[in-house]
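Worksheet: one structure, shown below.
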Amino acid sequence: KADVPLGIMVETPATALTAGTFAKNSAFFSLGTNDLTQYTLAVDRENPVVAPFFSEFHPGVLKLIHMTILSAQKQGIPVSVCGEMAGSADGARLLAGMGVRSLSVSPRRITGIKGMFAECTMAGMESFAREMLAGVHGTR
C-alpha cells in the first residue's frame with residue numbers, strides 16, 4: 001500500500017489562524033489566495049460593485065498568509081500557492097520572499113513569472129517581503 005501524503009487547502013481565515021494545529025497532521029499546505037482574500041475581506045471579486053476592494057495585498061490577508069507560511073515552516077512542511085496572487089509578478093516575488101517554493105499559475109503567466117524570477121535574487125525577494133510585512137506587523 002502506497003503512502004499518500006495528505007495536506008490541506010488553506011482558504012479561510014479560520015484555517016489560517018489555526019494553521020499551527022493543522023500543520024502537525026499535514027504533509028503540506030496549499031494556500032488558495034483567491035478564496036482566502038474573498039473570505040477575509042468579505043469581497044466577491046466577480047461582483048462588479050465590490051470587486052475594486054478585492055486585494056491580496058490587504059494587510060489582513062498578508063498577515064494570514066504569513067502566519068500560515070510560518071506555521072508550515074515550524075513543522076517542516078511545504079506550502080504551495082494557487083490563485084491570482086501567485087500569477088502576478090509582485091505576488092510571486094512576495095510569496096517567494098516569504099518562503100513559498102511552489103506556485104500554481106495560469107499557463108499564460110508562466111513566461112512572465114519565470115522572467116521575473118530570472119531577474120531577482122533570493123535576497124532581494126526576502127527584502128521585499130520584509131518591507132511588505134513590516135507594515136502588516138506594525139514594525140515599519
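These numbers were taken from a predicted model, which means no experiment stands behind them. These values consider heavy atoms only, across backbone and side chains, with no hydrogens, waters or symmetry-generated copies. Position 1 is the first residue of the sequence, and the numbers go up from there.
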Could you tell me the separation between the CZ atom of R108 and the CD1 atom of I113, rounded to the nearest 0.5 Å? 11.0 Å
Go through the steps to decide whether H58 and F53 satisfy the test side chain to side chain contact (heavy atoms under 4.5 Å, CB included), and finish with yes or no. CA-CA 9 Å; H58 183 282; F53 302 106; over 6 Å; no
So, the side chain of S127 versus the backbone of A123: is there a donor-acceptor pair under 3.5 Å, distance only? no
For V79 versus A72, what's the shortest heavy-atom pair and its separation? CG2-CB, 3.2 Å
Approximate separation, where rounding is to 0.5 Å, of F22 CZ and I77 CD1: 11.5 Å
Please tell me if the side chains of L94 and F128 come closer than 4.5 Å, counting only heavy atoms from C-beta onward. yes
Please tabulate, for side-chain N and O atoms in residues 4-12, each donor-acceptor pair with protein atoms closer than 3.5 Å (sequence neighbours left out).
unit_1: T12; atom_1: OG1; unit_2: T15; atom_2: N; d: 3.2
unit_1: T12; atom_1: OG1; unit_2: T15; atom_2: OG1; d: 2.8

As an exercise, state the distance from CG of L31 to OG of S104, rounded to the nearest 0.5 Å. 12.5 Å
Nearest heavy-atom contact between A96 and M122 is O-SD, 4.1 Å
For residues L70 and Q73, determine if any side-chain heavy atom of one lies less than 4.5 Å from a side-chain heavy atom of the other. yes
What distance separates L62 CG from F57 CZ, expressed to the nearest 0.5 Å? 7.0 Å
Name every donor-acceptor pair, under 3.5 Å, that has one atom in a side chain of residues 81-91 and the other anywhere in the protein, sequence neighbours excluded.
unit_1: S88; atom_1: OG; unit_2: M85; atom_2: O; d: 3.2
unit_1: S88; atom_1: OG; unit_2: G91; atom_2: N; d: 3.0
unit_1: D90; atom_1: OD1; unit_2: R93; atom_2: NH2; d: 3.1

When you measure from the side chain of T18 to the backbone of T21, do you find a donor-acceptor pair of N or O atoms at a distance under 3.5 Å? no
From CZ (F28) to OG (S102), nearest 0.5 Å: 10.5 Å
So do L95 and I65 actually touch side chain to side chain, heavy atoms under 4.5 Å? yes
Close side-chain approach of L103 to S80, heavy-atom, < 4.5 Å: no
Locate the shortest heavy-atom distance separating G97 from E126; write the atom from each residue and the value. O-CG, 3.7 Å
Got a list of side-chain donor-acceptor pairs under 3.5 Å for residues 36-52, not counting sequence neighbours?
unit_1: T37; atom_1: OG1; unit_2: T33; atom_2: O; d: 2.7
unit_1: T40; atom_1: OG1; unit_2: L36; atom_2: O; d: 2.6
unit_1: D44; atom_1: OD1; unit_2: E46; atom_2: N; d: 2.9
unit_1: N47; atom_1: OD1; unit_2: V49; atom_2: N; d: 2.8

